[in-house]
Structure formats: structure tokens, C-alpha cells
Amino acid sequence: MKKLLTLFLLLGRSVMAVDLKEHAAAHPSGAAAYSFDMAAYREDTRHLPIGVFDSGIGGLTVLEAILSLDVFHNDSLKPGADGKPDFAGERFIYFGDQANMPYGNYSSVGRTDYLRELIVKDAIFLLGRRWFDPISGSFRQDKPPVKAIVIACNTATAYGIEDIRTALKHWGLPVIVVGVVEAGARGVQEAHGEGAVGVLATVGTCASGAYPRAIGQTLGLAGRSIPAVTQQGSANLAGVIEGDPAFKESVAERCGLDARALVTAHLQSGANAPLSTIVLGCTHFPLAQTEIDSAFVKLRSEAAFEGLIAPTLSYVNPAEWTARELFRALASAKLRNHQAQNNAKDSFYISIPNPIRKDLPITAEGALDKVFKYGRLPGDLQREDTVNVPMTPERIPMTTRKLIETKLPQVWQRLGR
Ligand code: DGL
């Protein structure tokens, strides 16, 4: 009887669940939650900013790669540096879904359905004008929409890029979408020679199989032989790199453990080619490339791993390839903005638990309670658990701020503007 009742409730829920595509289409003015002003896309979108989103602040590494890119001639569009940043005329809107992260852990609790909804909500936020002003305690409608969406998060790309593309098609929008996983696979195509590929990513990204799939497709389409791919998901490394006090280990220690787990998995897979290319398949990992490389150097001398790690390793940072992909996509759609607008500023947003809601379980640090966060079901678009507010310095933990200041100088400068 109890089982029947549960089944009935679940069925009832899925019938009632509202699809985000339909919901946004039914609210074309963009005033409602999870909707956007569709009329904005009837005009020329070239002058609109580029949207970049991640589960948190890690995606700022991708923004840094975009802001630093100079591998094309800005006028002729031909490959080759010209001394000018390739995105010199563009402005950016960054969004980090800090209140709902880590995205990498939704798969292990069986909640990828909710994660997929979060990812489409992130895209809708970038497309729309609506944001929450914590000073007045009300929503405002003056954020510019975006002409392109960069999914800077590996986990979000793995689980949500197809949903975002399907939704944009449904809405008939000419918005470009670029994701780090496809771009990372293109990086493997360029960097990889002989041997096997190792992927270090979140547990969720690895569980999705997105990297092995994308690498196989990309190399296969290029007529190349498809290498063995071994993955290792890390539940901790992103947090350790950010300096999250919940983790007691150092970056070097954690890299040592994760590199060892990857090589062990490679050994157990029976693959006989040594690992020769390592994909840094999580936004944070390029920040720890030195520690990751030192870990592999140490492991190479262990007898148990003999012949499993190539004498030199190539590293693929998907952020760099995403920046190139974005340039090409904007150029071929003739959506590049050539004219830097002096008064046009970038904007940075972050999500926080909805301060209007008094029923939310909140921790002492002001975050959503973990059990609540990972227990939610998709389809309830009436209640906003989180709202998106400007990313002011006091909303970024001190350790993260230091990381941005020291490792992401372009972003740091734009944040201060
Ligand atoms: N940004 C995520 C990624 O690249 C890492 C952090 C998270 O799990 O949310 O996969």
C-alpha cells in the first residue's frame, strides 16, 4: 500500500512538473521567475554582452582565458597573434551559481534531474534582465540580455548543454552556446599524440561519460584513432584549491591522492598504453597544474606504475580551447563587437539563498542546508530557493578573493571596474 502511494505521488509530481522551456515561452515579458524578455532577441544582438556561467567562481578561470586570448588577427580573423586581445571590443556578464553548488555532487545522490533544471535556469538568467537587488529587497529588470552563452562549468556542460541548445531552438533564439567539454575534446585533438588520455574532473562529470564521448567523437570525426580514456572524479580538489576550510589537506596532498587514483584506475582498466595527455576537466584544476604535474612525476618512479605514465605529459586546459571556440563561433555568426564601448561595464552575479523566503533551512554560514539542497525535485517553478545578486567582494570568501587576485589578473581588474 505504502509503495502504491509513493508511486502515485511520484506520478502525480511528474505530471504536474512544469517544463522550463514551456514556462519561459508562456512568460515572454520576462517579469516572472525563470523567464526572459523574448522581444530583446528580435533586434540586432551584436552589441549585447557575452554571458559566462559556472556553478560558482571556478568559471572565472574560463573568463580569464577569454580575456587573455590573442591567437587571432582581430581584423582579418586569421590565426596569429596581433598584440590585441581577441575579445577587446566585448563586455561580459558572469554568473556563478554559488548557492546551489557543487554541481559535481548531484549525480552521486541521484539528482541529475534537478541539476539539469538548475543549468537551464542559469542560461535563462543570462538571457534575461531580472536580478535581485538585496539593498531594496526586490527584483529589478535592467540587466542586459546576452548574445552568447559560455558554459564554463565542466559538470554543467556534461549534463546541460543539450538541454540549453534544445531550449534555444524551441524559443527560436540566435544565441551562441559554447561548452568546455567539446572545446576540451578539441584541445585533446591538438595536443594528443600516442598513448592514453587521463581525465581529472568532478565525480559528476566522470559519471556522465561526457569527456570519453566527446574525445571519441572529435578524434573519430578527424579520422584519428581513438585513444583509451581513463577518468578520475574528485569530490574534494575543487574545494581544496578554493581554500574551503572544510578540507584540511593541502593542494599538493590532494593532487597526489587524485593523481594516484587516476593511475591506479588506468592500471586496473588493463589499458596498455601509458597516460600521455591529461585533461584538466574541472574549472579549478588548471590553477593546480604545477601540483598535479609534480604528483605524476613522483608516481612515475613507483615500480607499481612503471610504464603507465609517459615521460612527458601534455596538459589540456579546456578553458583555452573554449576561448578559441567562442571567437570562431562569434566570427562565423558575424556577432563580434568591434567597438569597445568606454562606458559599458562587465557585470558579475552570484546566487544566494532567497532572503524573502523564511522557510529555507540555512546553515550558520548562511548557505542552503546540504540535505535540502541535494534533495530537491525539478518542476516547481513557483518558489525561488535562490536569487541572483551582484558579486560584491564581501560575497566572495577571502581565500577565493586572494586566488582571483593572484592567479586571474584580467578578471581581478574587470571585477574592480
Ligand atoms: N565548476 C565545476 C566543474 O567544472 C566544479 C565545481 C562544482 O562541482 O560545482 O565541473
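First listed ligand is number 1; within each ligand, the first listed atom is number 1. When a residue number appears, it is its place in the shown sequence, counting from 1.
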Salt bridge check: are [X] and [Y] linked by an N-O gap of less than 4.0 Å?
X      : Y      : result
Arg324 : Glu320 : no
Arg130 : Glu384 : yes
Asp385 : Arg376 : yes

>> Tell me which pairs pass side-chain hydrogen bond (donor to acceptor under 3.5 Å, both in side chains) where either residue lies in residues 167-183, with sequence neighbours left out.
In response: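 Listed once each, the pairs are Arg165-Glu182.
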
Just list the N/O pairs, ligand 1 to protein, that are under 3.5 Å apart, with the distance for each.
from: ligand 1; atom 1: 1 (N); to: Asp54; atom 2: OD1; distance (Å): 2.8
from: ligand 1; atom 1: 1 (N); to: Ser55; atom 2: OG; distance (Å): 3.2
from: ligand 1; atom 1: 1 (N); to: Thr283; atom 2: OG1; distance (Å): 3.0
from: ligand 1; atom 1: 4 (O); to: Asn154; atom 2: N; distance (Å): 3.1
from: ligand 1; atom 1: 4 (O); to: Asn154; atom 2: ND2; distance (Å): 3.1
from: ligand 1; atom 1: 4 (O); to: Thr283; atom 2: N; distance (Å): 3.0
from: ligand 1; atom 1: 4 (O); to: Thr283; atom 2: OG1; distance (Å): 3.3
from: ligand 1; atom 1: 8 (O); to: Tyr103; atom 2: N; distance (Å): 3.4
from: ligand 1; atom 1: 8 (O); to: Gly104; atom 2: N; distance (Å): 2.8
from: ligand 1; atom 1: 9 (O); to: Ser55; atom 2: OG; distance (Å): 2.6
from: ligand 1; atom 1: 9 (O); to: Tyr103; atom 2: N; distance (Å): 2.7
from: ligand 1; atom 1: 10 (O); to: Thr155; atom 2: N; distance (Å): 3.1
from: ligand 1; atom 1: 10 (O); to: Thr155; atom 2: OG1; distance (Å): 2.5

N/O donor-acceptor pairs under 3.5 Å from side chains in residues 222-231, not counting sequence neighbours:
from: Arg224; atom 1: NH1; to: Gln189; atom 2: O; distance (Å): 2.8
from: Arg224; atom 1: NH2; to: His192; atom 2: O; distance (Å): 2.9
from: Thr230; atom 1: OG1; to: His266; atom 2: ND1; distance (Å): 2.7
from: Gln231; atom 1: NE2; to: Cys206; atom 2: O; distance (Å): 3.1

> Is there any ring pair (Phe, Tyr, Trp, His ring centres under 6.0 Å) pair reaching into residues 356-388, and which pairs are they, with sequence neighbours excluded?
Replying inline: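 Residue pairs with at least one partner in residues 356-388: Tyr106-Tyr374.
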
